[in-house]
Amino acid sequence: MKIGQFERLQAMFNGIRPLRGELVGFATHDPDGYPNIAPVGSMRVVDECTIHVLQGMLPRTLENLRKDPRAAFSVWKRPTLRGVLESVAGKDECAGYRIYGKLIEEVDDPDMIQREIPYILPRIPWVARRAMKQFFRKHLRKLLRFSIEEIREIG
């Protein structure tokens with residue numbers, strides 16, 4: 001990757017705002033190859049090798065991962081007039097990223113899950129953080145750790 005490219009990728013993935021409709025596409029497939037794409041807001045790119053996903057309400061995704069640990073994540077910028085003009089002028093570097101990874105661990109440890117929540121909460125407007133924190137505690141029951149296999153730019 002080019003210098004600074006990983007930092008832009010990490011900022012884009014980790015800066016999504018779920019309550020604004022910004023989510024990451026999380027793709028798996030079943031044993032017959034039928035794709036499953038789920039929206040997630042409780043994930044983050046930890047470093048150049050690792051992604052964490054807090055899982056609670058994606059039973060089909062988890063079932064698919066247990067049969068085949070491969071997954072893909074996708075995020076793209078919300079189009080803006082400035083972004084469109086920069087793209088037309090050839091100044092925009094990319095519209096988003098796809099990360100291909102492999103599930104390496106399912107963690108059931110409540111302490112590890114609680115340590116992950118402070119990375120996700122800042123994406124939520126402050127007026128909703130208390131309610132979302134309770135929602136997270138009640139519904140997010142696993143930490144899924146992925147190794148990053150490949151990163152591709154979109155656009």
Worksheet item: Are the side chain of Glu150 and the backbone of Gly101 linked by a donor-acceptor contact shorter than 3.5 Å?
Response: no
Item to complete: Please check if the side chain of Asn14 supplies one atom and the backbone of Val45 the other of a donor-acceptor pair under 3.5 Å.
Response: yes
Item to complete: Say whether His29 and Asp68, considering side chains only, have a donor N or O and an acceptor N or O under 3.5 Å apart.
Response: yes
Response to the item:
Rounded to the nearest 0.5 angstrom, the CE-CG distance for Met132 and Leu121 is 8.0 Å
Worksheet item: Looking only at atom types and distance, does a side-chain atom of Arg44 sit under 3.5 Å from a main-chain N or O of Phe13, one as donor and one as acceptor?
Response: no
Item to complete: Check whether any side-chain heavy atom of Ser147 lies under 4.5 Å from a side-chain heavy atom of Glu149, and answer yes or no.
Response: yes
Worksheet item: Judged by modelled atom types alone, do Gln55 and Glu106 share a side-chain donor-acceptor pair under 3.5 Å?
Response: no
Practice prompt. Enter the distance from Gln114:CD to Asp109:CG here, rounded to the nearest 0.5 Å.
Written response: 10.0 Å
Fill in: Within one Ile-Leu-Val-Met-Phe-Trp-Tyr cluster: Tyr100 and Met43, side-chain cutoff 4.5 Å
no
Worksheet item: Side-chain contact, heavy-atom cut-off 4.5 Å: Tyr97 with Ile154?
Response: no
Practice prompt. Compare all side-chain heavy atoms of Thr50 with those of Ile148 and state whether any distance is below 4.5 angstrom.
Written response: no
Item to complete: Look at the rings of Phe146 and Phe26 and say which category their plane angle falls in: under 30° parallel, 30 to 60° tilted, over 60° perpendicular.
Response: perpendicular
Worksheet item: Would you say the side chain of Met12 lies within less than 4.5 Å of the side chain of Leu9, judging by non-hydrogen atoms?
Response: no
Worksheet item: Taking all non-hydrogen atoms of both residues, which atom of Pro31 and which atom of Lys67 are closest, and how far apart?
Response: CG-CD, 3.5 Å
Worksheet item: Does the side chain of Val53 come within less than 4.5 Å of Val24's, by heavy atoms?
Response: no
Worksheet entry | Backbone N/O of Ile104 and side chain of Arg145: donor-acceptor pair under 3.5 Å | no
Worksheet item: How far apart are the closest heavy atoms of Gly41 and Pro18, and which atoms are they?
Response: CA-CG, 3.9 Å
Item to complete: With rounding to the nearest 0.5 Å, note down the distance linking CD in Glu105 to CG in Leu144.
Response: 10.0 Å
Fill in: Within 6.0 Å of OH in Tyr119, more than 12 heavy atoms from elsewhere
no
Worksheet item: Going hydrophobic residue to hydrophobic residue with side-chain gaps under 4.5 angstrom, can you get from Val46 over to Leu140?
Response: no
Fill in: From Leu143 atom CG to Ile117 atom CD1, the distance as rounded to the nearest 0.5 Å
10.5 Å
Worksheet entry | ILVMFWY cluster, Ile151 and Val75 together (side-chain gap under 4.5 Å) | yes
Discussion item. I'd like to know if the side chain of Asp30 reaches the main chain of Asp32, judged simply by a donor and an acceptor atom lying under 3.5 Å from each other, with no hydrogens or angles considered.
Written reply: yes
Worksheet entry | Contact check, side chains of Ile113 and Leu54, non-hydrogen atoms, under 4.5 Å | yes
Worksheet item: Is there a donor-acceptor contact under 3.5 Å linking the side chains of Thr61 and Glu63?
Response: no
Fill in: Minimum side-chain heavy-atom gap Arg141-Asp108 below 4.5 Å
no
Worksheet item: For the residue pair Thr28 and Ala71, what are the closest heavy atoms and their distance?
Response: CG2-CB, 4.2 Å
Worksheet item: Ile37 and Gly25: which non-hydrogen atoms are nearest, and at how many Å?
Response: CG2-CA, 4.5 Å
Worksheet, complete the sentence: Output for pair (Arg123 CZ, Leu23 CG), nearest 0.5 Å, gives 10.0 Å
Worksheet item: Roughly how far, to the nearest 0.5 Å, is the CZ atom of Arg129 from the CZ atom of Phe136?
Response: 10.5 Å
Discussion item. Can you confirm whether more than 12 heavy atoms, excluding those of Lys142, are under 6.0 Å from its NZ atom?
Written reply: yes
Worksheet item: How about Arg66: does its CZ atom have over 12 heavy atoms from other parts shown lying under 6.0 Å from it?
Response: yes
Item to complete: Please tell me if the side chains of Glu153 and Arg98 come closer than 4.5 Å, counting only heavy atoms from C-beta onward.
Response: no
